[in-house]
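Note sheet for the following structure.
Residue numbers start from 1 in every chain, and the chains themselves are labelled A, B, ... in the order their sequence lines are given, proteins ahead of strands.
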2 protein chains.
Amino acid sequence: MKEYKEATMLDIARELKVSKSTVSRALKDHPSIGKKTKKAIQDLAKKYNYHPNSIAYSLSKKSTKTIGVIVPLLSHYYFSTVISGIEELAYKSGYKVIICQSAESYDREVIVSQTLLSSKVDGLIVSISRETVNSDHFRLYQEKNIPIVFFDRVCADMEACSVTVDDYKGAFMAVEHLIKAGRRRIAHFAGPPLLQITQKRIEGYKDALFRYGIAFDGDLLIDCGAGLEQENGSLAAQEMLDRGVKPDAIFAICDPIAIGVMMTLKKNRINIPDEVAVVGFCDEPIARVVEPQLSSLVQPAFRIGETSIELLLQQIQGQDIIEKRVLTAELRIRESSSRRG
Amino acid sequence: MKEYKEATMLDIARELKVSKSTVSRALKDHPSIGKKTKKAIQDLAKKYNYHPNSIAYSLSKKSTKTIGVIVPLLSHYYFSTVISGIEELAYKSGYKVIICQSAESYDREVIVSQTLLSSKVDGLIVSISRETVNSDHFRLYQEKNIPIVFFDRVCADMEACSVTVDDYKGAFMAVEHLIKAGRRRIAHFAGPPLLQITQKRIEGYKDALFRYGIAFDGDLLIDCGAGLEQENGSLAAQEMLDRGVKPDAIFAICDPIAIGVMMTLKKNRINIPDEVAVVGFCDEPIARVVEPQLSSLVQPAFRIGETSIELLLQQIQGQDIIEKRVLTAELRIRESSSRRG
DNA sequence: TATGTTTACGCAACCGGTTGTTTAATCTAT
DNA sequence: ATAGATTAAACAACCGGTTGCGTAAACATA
């Protein structure tokens, strides 16, 4: 393996018998450098295929032009779409993006957040893991004046920018829709209890019932346990049926749960939507593939990503803001919750 | 916004009236530093919550302990699972991971690969975009002696490590399975022509037909166009039906295409699997959700990620290897290709 | 011609680490 | 007591950029 040496400013400087600082200034078109000198330096840089060493740049400028992103799981369509939104604007603004997964684990989240911290990211965008209750690892960022933006799943005990969808309203709309479709015994399959979204959606569910004069029935509020996967939905649904509870509609915390529920219903030969209507949350691509197609709340994932990075960049540029943007989810009605035949 | 200043080695050195180099050595337990001095330095470092500046480290050591990953899209379950495999081993070995998407665009791929290059990643793991034919942007890495490992979608014209599944064999198995299930007119919905996987799978398809004495029929080799999305499958299938071509089985380049095909078949009231059997490739979670459940080839995505990073780390540690690992896909038979009733 | 202003560039410190080489102090052996 | 070996720590260069400040030469003005 032969050694390869990158061309540096010093190399160019020596060859042209000028100083390093002149090269530095010439390359960024600084006015105090003469035209011929500038031209000569730029030409030689091109010839040597010179690229500035961004490590050195970062060290002297104390900015890495890098932002960190932590999501629970990349494999969720929602999160990867948010990331695409983040990347789009980040690249346009000259920022790189480092993406990390917490894998829904608090410990892992602490580790990656420290890794990103020591990588000197200029800012952080996070959706916390379902286990996270302590936010000390994020406080470290605030202490060092590194801006943070939370999206979707926020830390309840931190004052920071956030971008969320109106979970309360979304849940309310879903339940309202079910009521207007003639349902009365509406169950809610809830998510991990620690997450704010879980609580907000439960509130929206309850309030919609109340608004339409339907009494809340504790039997119909189902806890799916820690997971947000299909299996959790299937199991919880079977358990519910085994308990003899039979709703005429189900609003699930997210699409995978909804689909798990649907599979259990079908296995039990319960017709969807005639006997039980189902509505999910997130509108993952899978919602259009199941039969019947699943009604769901569309979260503007790309927009959430864009908004997050906007807020972050504003802070990086020195604005001292704490803004909590709330976007609205949109109800997409499909076959799984249509009116009874 | 009050200024925050990280503690540096110099701060510690000054307070203890020793030199910066002594601090550096004390913190890494170098033998040439006395016990008391060492203790004092380590204690003070703890007290100040000192963390080494990894930018400075990278600059002097010329290693960022970072590896770059470029995938076409994060939103594919396959890719995000591969990434999980990569991360697992990377973190264990003290490496950070920077993930980028090419968004299936050649131009974007060039940009992100240059970004990663100037970020001085110690190595690169790539699955190329479907547009990529030119690999000059990756050659730059080789020139600078930065190791690269390709997975799944490789550059045909580069000598480099790679990790792939045996596409030929996978396709062969799928088609063989269909033949053994009593099918004779087997269509193949192929992928983007530039990708090797497309070609390999076509070969496997043809050879399996040949092996069982079935003549290849050009009408049954369907081009899905540039995309690998569901819509492409749906459209191509409808077009095929409109042309009056009616196979009794379909092997699709990937699950989304297969599912698109299934949706068109259902829309045309063609029974799956009785009239037409369907097999996909990749075994995405969606395969178990469609009805009937889709037979598919399982790619060991996590394992592919692990293998890729293994090969990369070996090269980073100085081994001059060019290994092409080929893993085997496993056929998972479900309802969509079961024997005729 | 003497003075003041530009113009064009060099000098050197700095960012925060790593590391080869010296040096001073202490210890060992003769 | 003194030369030689050890030990403990300092010095200083280096990684590759950025930038404030200083200054010589060229030019304009009086």
Would you say that [X] contacts [Y] through its side chain, given a criterion of any heavy-atom pair below 4.5 Å between the two side chains?
X	Y	answer
K20(A)	I12(A)	no
V69(B)	I67(B)	yes
F79(A)	L74(B)	no
Q42(B)	Y50(B)	no

What nucleotide among dC11(C), dA8(C), dT19(C) has an atom nearest to a side-chain atom of T37(A)?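 Shortest atom-to-atom distance from the side chain points to dA8(C).
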
Considering all heavy atoms, the nearest P72(B)-S102(B) contact: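 Looks like CA-OG, 3.2 Å.
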
Side-chain donor/acceptor of E131(A) to backbone N/O of Y106(A), under 3.5 Å: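 Flag set: sc E131(A) to bb Y106(A) pair under 3.5 Å.
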
Please determine whether salt bridge (charged side-chain N to carboxylate O under 4.0 Å, His left out) holds for the pair K46(B) and D43(B), giving the CA-CA distance in whole Å, both sets of side-chain angles, and the decisive distance to 0.1 Å. CA-CA 5 Å; K46(B) 194 143 294 171; D43(B) 287 352; over 6 Å; no

For K28(A), which contact category applies under a 4.0 Å heavy-atom criterion: base, sugar-phosphate, or nothing?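 Sugar-phosphate: the residue K28(A), judged by heavy atoms under 4.0 Å, touches backbone atoms but no base.
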
How would you label the contact of I33(B) with the nucleic acid (heavy atoms, under 4.0 Å): base, sugar-phosphate, or nothing?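 Here I33(B) touches the backbone only, sparing every base.
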
In whole angstrom, give the distance that lies between atom NZ of K62(B) and atom C1' of dT18(C).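 So the NZ-C1' distance, K62(B) to dT18(C), works out to 13 Å.
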
When you list every nucleotide of DNA chain D with an atom under 4.0 Å from a heavy atom of chain A, which one comes first 5' to 3', and which comes last?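 First-to-last contact on DNA chain D, by the 4.0 Å heavy-atom rule, is dG16(D) to dC21(D).
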
salt_bridge(D122(A), K65(A)) N-O dist < 4.0 Å: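 No, no charged N to carboxylate O under 4.0 Å.
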
Ion pair present between R153(B) and E104(B), side-chain N to carboxylate O less than 4.0 angstrom?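 Yes, this pair counts.
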
Y78(A) vs F151(A) aromatic rings, parallel, tilted or perpendicular, using cut-offs 30° and 60°?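 The rings of Y78(A) and F151(A) sit tilted, inter-plane angle from 30° to 60°.
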
Filtered N/O pairs between nucleotides 4-6 of chain C and protein, under 3.5 Å:
none

DNA chain D: K36(B) or A56(B), which has the more 5' nearest nucleotide?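 Checking each residue's closest nucleotide, the 5'-ward one belongs to K36(B).
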
Which is more 5' along DNA chain C, the nucleotide nearest S21(A) or the one nearest K35(A)? Just name the residue.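 Its nearest nucleotide being more 5', the pick is K35(A).
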
Global bending angle along the helix from dT1(C)-dA30(D) to dT26(C)-dA5(D), which compares the axes of five pairs at either end, to 10 degrees: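 Helix axis angle between the two ends: 70°.
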
Identify, with sequence neighbours excluded, every residue that meets salt bridge (Lys or Arg N to Asp or Glu O under 4.0 Å) alongside E310(B).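 R303(B), R325(B).
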
If the condition is salt bridge (Lys or Arg N to Asp or Glu O under 4.0 Å), which residues does R108(A) pass it with, not counting sequence neighbours?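 Here the qualifying residues are E88(B).
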
Interface with DNA chain C, restricted to residues 8-18 of chain A and to heavy atoms under 4.0 Å: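 By residue number: K17(A), V18(A).
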
